[in-house]
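See structure below.
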There are 2 protein chains.
Amino acid sequence: MDALNLRDRAASGASAVVALIEQGIADGTWGPGTKLPTERELEKRFNVSRNTLRKSLRVLEEQGKIVRHVGRGSFVTSEATVKATAEDQSLTSRIIGASPAEIMELRLMVEPQAAELAAGRATAADLHRMEECLAHAERAQDVPEFEHWDGMLHVAIIGAAKNGLLSDVYDAINAIRNQPEWARLKVRSLTPARRAVYEDQHRRIVSALKDRDGDQARAALQEHLLQVRTNLLGS
Amino acid sequence: MDALNLRDRAASGASAVVALIEQGIADGTWGPGTKLPTERELEKRFNVSRNTLRKSLRVLEEQGKIVRHVGRGSFVTSEATVKATAEDQSLTSRIIGASPAEIMELRLMVEPQAAELAAGRATAADLHRMEECLAHAERAQDVPEFEHWDGMLHVAIIGAAKNGLLSDVYDAINAIRNQPEWARLKVRSLTPARRAVYEDQHRRIVSALKDRDGDQARAALQEHLLQVRTNLLGS
DNA sequence: CTCCGCTGATCCAATTATGATCCATTATCG
DNA sequence: CGATAATGGATCATAATTGGATCAGCGGAG
């Protein structure tokens with residue numbers, strides 16, 4: 001089983017291929033007017049059958065993002081990149097238009113201090129919930145599942161700070177974090193080794209909270225987030 | 001929130017799973033029209049049998065929160081998504097319901113660190129805007145006018161941190177200045193003596209920013225906010 | 001003990017993906 | 001020009017995926 005096979009990922013299928021190609025157009029891999037690789041090439045690159053690949057290309061063609069000519073190839077429309085970026089910004093602009101760098105910066109501002117507060121305010125139920133998130137995360141079979149419980153843990157920590165407004169704000173941030181684009185970023189950056197590091201850091205954070213050690217909790221969470229940021233965005 | 005608690009009482013029931021999935025939809029884990037993991041995936045993730053999982057899904061389907069198609073999968077309803085996004089966008093309205101104590105706590109978390117960032121990122125225009133706010137505030141004839149320029153100054157400082165997401169969040173918090181209840185609280189607490197103290201603190205903050213002294217800026221803003229909190233809420 | 005809910009297993013039906021084959025059009029080169 | 005290769009277009013039988021449904025068994029609550 002090739003781990004890189006799209007086929008055995010949860011998000012496999014034609015729509016996933018559409019997203020990948022859209023991203024390639026958006027990020028400039030295939031600029032305006034350039035020729036895409038041949039279908040028989042893309043089929044191998046994305047590890048899908050040619051039929052599936054062709055279905056994806058048809059979607060992109062109907063969206064006007066590419067044009068196809070028999071015997072010549074498929075080409076990115078000149079306005080496709082404009083469309084793609086405009087779409088991205090309209091879909092995500094409101095609160096969602098934040099860059100991963102901005103999000104991580106905000107999280108680094110808020111979460112460590114929230115952890116410090118949580119150390120003094122967390123109830124037994126809060127701590128227990130965190131333990132459960134830890135357990136679930138460590139039992140997770142794949143990246144999305146791990147991410148799910150990872151997110152829940154952070155939510156639990158924020159919640160333990162007993163500031164409803166803070167929780168609301170964090171929920172808004174979390175909603176951004178769950179955008180597909182951001183998810184892709186996370187999946188790419190989460191190697192098994194890094195996941196092990198995260199689990200260790202998580203344990204340390206929760207441990208500090210259980211010890212009611214605010215300084216330790218703040219430091220541990222800050223260290224964790226700095227690690228996450230480095231892994232996500234590079235140093 | 002209690003969903004996780006329910007799970008470990010050896011009674012990991014269908015209702016608990018419903019709550020978990022509802023939360024996943026609410027917090028954006030499974031957002032707009034996205035496809036839920038397959039039943040055989042969710043059954044493993046939540047550690048329940050497929051029958052139980054399916055019972056939960058049926059509840060969610062009857063609530064109109066998801067739709068299911070044989071051979072395709074289960075999808076979050078756009079209606080459910082609207083609810084989720086509505087939650088995001090009504091962040092402002094929820095903030096209005098937040099207590100002054102919560103708001104001040106959040107401001108104390110965010111603003112000092114934002115000031116530290118602003119020290120390194122503020123443009124000449126940013127600093128000039130702050131100076132203007134200072135001048136206007138000191139020339140203010142009454143409390144509401146002073147409050148206006150006071151608020152603008154804080155917005156300017158946040159803006160100088162050059163984090164659009166942070167600015168958005170702060171704008172939402174700041175919107176509360178228009179709320180009658182909050183305004184009344186401020187009017188009561190703003191004596192001439194305190195206003196003089198604020199003006200002095202403001203000057204020190206801006207001065208530190210102009211000196212590019214992040215530590216000083218953070219400390220000054222923190223001191224200021226602690227003072228404000230004390231005046232507003234009592235020690 | 002009985003009842004109810006959860007489990008694990010099995011089979012079914014709808015949908016999608018696959019792999020192979022052949023066709024139509026265009027590009028390349030002698 | 002003409003032959004050949006390359007490329008998109010199309011179809012089909014088969015396999016894999018996924019929700020739908022049922023059933024016997026098990027275990028705790030009443």
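Lettering follows sequence order; numbering is per chain, from 1.
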* To do: Considering non-hydrogen atoms only, spot the tightest contact between A:L42 and A:P37 and give its length.
  =>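 Nearest pair, atom of A:L42 first, then A:P37: CD1-O, 3.6 Å.
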* If you take all heavy atoms of B:N163 and A:E102, which pair is closest and at what distance? ->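 Shortest heavy-atom separation between B:N163 and A:E102 comes out as ND2-O, 3.1 Å.
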* To do: For B:R40 and for A:T52, find the nucleotide of DNA chain C with the closest heavy atom, then tell me which residue's nucleotide is more 5'.
  =>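 Whichever sits nearer the 5' end wins; that is B:R40.
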* Of A:H69 and A:E43, whose nearest nucleotide on DNA chain C comes first from the 5' end? ->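 The 5'-side residue here is A:E43.
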* Taking only N and O in the side chain of A:K55, is any of them less than 4.0 Å away from OP1 or OP2 of C:dT16? ->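 Checking C:dT16 against A:K55, no side-chain N or O comes under 4.0 Å of OP1 or OP2.
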* Asked: Is the phosphate of D:dG20, meaning OP1 or OP2, less than 4.0 Å from a side-chain N or O of B:R68?
  ->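 Answer yes for this pair, as a side-chain N or O of B:R68 is under 4.0 Å from OP1 or OP2.
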Rounded interatomic separation in angstrom, taking [atom1] from [X] and [atom2] from [N]:
{"X": "B:F75", "N": "D:dG19", "atom1": "CZ", "atom2": "P", "result": "8 Å"}
{"X": "B:K44", "N": "C:dG8", "atom1": "NZ", "atom2": "C1'", "result": "15 Å"}
{"X": "B:N51", "N": "C:dT10", "atom1": "CG", "atom2": "P", "result": "14 Å"}
{"X": "B:L60", "N": "D:dG20", "atom1": "CG", "atom2": "P", "result": "13 Å"}
{"X": "B:K35", "N": "D:dT17", "atom1": "NZ", "atom2": "P", "result": "12 Å"}
{"X": "A:E41", "N": "D:dG8", "atom1": "CD", "atom2": "P", "result": "11 Å"}
{"X": "B:L36", "N": "D:dG19", "atom1": "CG", "atom2": "P", "result": "9 Å"}
{"X": "B:E62", "N": "D:dG20", "atom1": "CD", "atom2": "P", "result": "12 Å"}

If you check every side-chain atom of [X], which of [options] has the closest atom?
{"X": "A:V70", "options": "C:dA14, C:dA24, D:dA21", "value": "C:dA24"}
{"X": "B:T38", "options": "C:dA17, D:dT18, D:dG20", "value": "D:dT18"}
{"X": "A:V48", "options": "C:dT18, D:dG19, D:dG8", "value": "C:dT18"}
{"X": "B:S49", "options": "D:dG19, C:dT7, D:dG8", "value": "C:dT7"}

* Determine yes or no for a side-chain-to-main-chain donor-acceptor pair under 3.5 angstrom, with A:R212 supplying the side chain and A:A122 the backbone. =>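 Yes.
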* Asked: Has the side chain of B:Q113 got a donor or acceptor atom that lies under 3.5 Å from a matching backbone atom of B:M109?
  ->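 Yes; judged by distance alone, with no hydrogens or angles, the pair exists.
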* Just jot down the side-chain hydrogen bond (donor to acceptor under 3.5 Å, both in side chains) partners of A:R203, sequence neighbours excluded, or say none. =>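 Partners of A:R203 under the side-chain hydrogen bond (donor to acceptor under 3.5 Å, both in side chains) test: A:E138.
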* **For A:D211, salt bridge (charged side-chain N to carboxylate O under 4.0 Å, His left out) partners two or more places apart** =>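 Salt bridge (charged side-chain N to carboxylate O under 4.0 Å, His left out) check on A:D211 returns nothing, list empty.
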Polar atom pairs between nucleotides 27-29 of chain C and protein, under 3.5 Å, N or O only, would you list them?
residue : atom : partner : partner atom : Å
C:dA27  : OP1  : A:R72   : NE           : 3.4

* If you take atom types as modelled and just measure distance, does the side chain of B:R58 reach the base of D:dG19 with a donor-acceptor pair under 3.5 Å? ->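 Check fails, no donor-acceptor contact within cut-off.
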* B:E43 and B:R50 ion-paired at < 4.0 Å ->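 No, this pair does not count.
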